[in-house]
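Take a look at the structure below.
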Amino acid sequence: MPNFPELSASLKEIKGGTFADFASRMAELKETGKLLPLHLGDSYLLPPKEALEAVDQHDLQTHVYAPVPGLPELREAIAGKHETAYENVFVTTGITGGLNMLSHALFSPTEEVLVITPSWPLIFGILSSAHLKPVQVPISENGWPDKHPNALLKNLEAHLSPKTKGLYFSQPNNPAGFVLNDTYLKTLAEFVAKHQLWLLVDEAYRDLLYGESSQIPNVYSSEHPLECIQKQTFRFCSFSKSYAMAGHRIGYVLGHENSRQAIHKMRTHHCYQAPVSGQKMAIAALQTSPLYLNEMRQQYKSLRDLSVSALKDIIPFRVSDAAYYLFLDLRQQLTSKKELDDLLLRLLDDGVTLARGSVFGKDFECFARLCFSALPEGKLTQALSIVKTHLKTRL
Ligand SMILES: Cc1ncc(COP(=O)(O)O)c(C=O)c1O
């Protein structure tokens, strides 16, 4: 037997693909056109027309290396939108690429980063792959913020160690779809300032709010609770959700004067630059009328309402205020991860996939996430009726 060298220790910390164990069955169903996928955060919508037509494949500039921090025209457009200096904008290969890069630039191996859960699952592996320790801190038992942030603050304090160096959360939240209010943000800002942490705010769903305001503010005004810790904060935004461009891998980090050199250095060695074709699409996307975003929001909101009315009498869950998920609370029906897996497998037999709660945090084993934006209305209705039938038989 040949003797192979060992794989990296951090690789062992990273869980396999979030849906790896269902992959072969899903592939079969996809092949036969029977898959109704509600597990991934995808959209059935196309990017804006202007973006679809933005890339000239015959222009040599589309194919050669481009500036590390991003195409100047794109950086300018983003800087204008967020009323920040051009130099503070770094275009990245999606938020995923931005977080990967900053995890290496801000932290040293073995340091700890607090992650408010339930959370986007890839953050755990991103931190582990940078030889860091993600430390999960649940927002509450039911995955939704309490009225007051006192319990969360206590919980954050309890998870601090001499190695704690950062805090990550998504605003709005994936998977539960809540938006932290100013009282929460103020508490988190004070916590970050007091313990001298880096703050990573993931705004992937910033344009998908369904309440009175339709997006997270582009600019943090001087009264915004996070403004006072601006020099410790990095905001991560993406074209994946706002413009249905996930396949093109374009996001950006908003940094500040002190961090420019560090980001530039790390970015060069991390993956150099984001795809030029995607950046050109992003420039065009930013030039589209706000109607695109408004229509997208309307469509998702009506799909959310459809999903809520299909399931509300069967199981408890909070109606999401943002993003494109429902985080189903199955604790009354199920008592273990095994029971949830059985349910998910039975759903898969009928072609429907949901994401299991444990991938969003260890305290959410008996939850499941349903994505309502991945299928058009007709197919979503079909999928919801299958989910409903399976959940009813559990009662
Ligand atoms: C909270 C959150 N952040 C980041 C991402 C990934 O963003 P990107 O496609 O820009 O890498 C996702 C994707 O689902 C997400 O839910």
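Indexing begins at 1, ligand by ligand and atom by atom, following the structure's order. Counting from 1, the numbers follow the sequence of the chain as shown.
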Report task. Compute the minimum heavy-atom distance from Gly251 to ligand 1 and say whether it is under 4.0 Å. Result -> no
Query raised in the report: Charged N to carboxylate O under 4.0 angstrom, Lys12 versus Glu6?
Result: yes
Query - Tyr168 N/O to ligand 1 N/O under 3.5 Å - result: no
Query - Side-chain ion pair, Lys241 and Asp207, N-O less than 4.0 Å - result: no
Query - Distance-only polar pair, side chains of Tyr300 and Glu295, donor-acceptor under 3.5 Å - result: no
Query raised in the report: Less than 4.0 Å between a side-chain N and a carboxylate O, is that true for Lys338 and Asp342?
Result: yes
Query raised in the report: Please state which protein non-hydrogen atom is closest to atom 12 (C) of ligand 1 and give its distance, to 0.1 Å?
Result: Trp120 NE1, 3.3 Å
Requested in this report: Specify side chain, backbone, both or neither for Thr96, according to which of its non-hydrogen atoms lie closer than 4.0 Å to ligand 1.
Outcome: both
Query - Non-hydrogen atom of Phe236 closer than 4.0 Å to ligand 1 - result: no
Query raised in the report: Looking only at non-hydrogen atoms, which of Pro175, Gly247, Ser240 approaches atom 9 (O) of ligand 1 most closely?
Result: Ser240
Requested in this report: Taking only heavy atoms of Ser238 into account, list the atoms of ligand 1 that are under 4.0 Å away from them.
Outcome: 8 (P), 10 (O)
**Report entry** Polar proximity ligand 1 side, Thr93 side, N/O cut 3.5 Å exclusive
**Finding:** no
Query - Pairing of Glu203 and Arg235 as salt bridge, 4.0 angstrom limit - result: yes
**Report entry** Protein heavy-atom partner closest to atom 14 (O) of ligand 1 - residue, atom, separation in Å
**Finding:** Lys241 NZ, 3.0 Å
Query raised in the report: Below 4.0 angstrom, N of the basic side chain to O of the carboxylate: do Asp56 and Lys280 qualify?
Result: no
Query raised in the report: Are Asp349 and Arg25 close enough for a salt bridge, meaning some N to O gap below 4.0 Å?
Result: yes
Query raised in the report: Is Gly94 near ligand 1, meaning one of its heavy atoms is under 4.0 Å from it?
Result: yes
Query - N/O separation below 3.5 Å, Ile95 to ligand 1 - result: yes
Query raised in the report: Quick one: which ligand 1 atoms are inside 4.0 Å of a heavy atom on Arg249?
Result: 8 (P), 9 (O), 11 (O)
Query raised in the report: Would His256 and Gln232 count as having a side-chain donor-acceptor pair, cut-off 3.5 Å?
Result: no
Query raised in the report: Is a side-chain N or O of Gln287 found less than 3.5 angstrom from the main chain of Ala284, in a donor-acceptor match?
Result: no
**Report entry** Nearest neighbour in protein (non-hydrogen) for atom 4 (C) of ligand 1
**Finding:** Asp202 OD2, 3.4 Å
Query raised in the report: So is Ser170 polar-close to ligand 1, meaning N/O to N/O under 3.5 Å?
Result: no
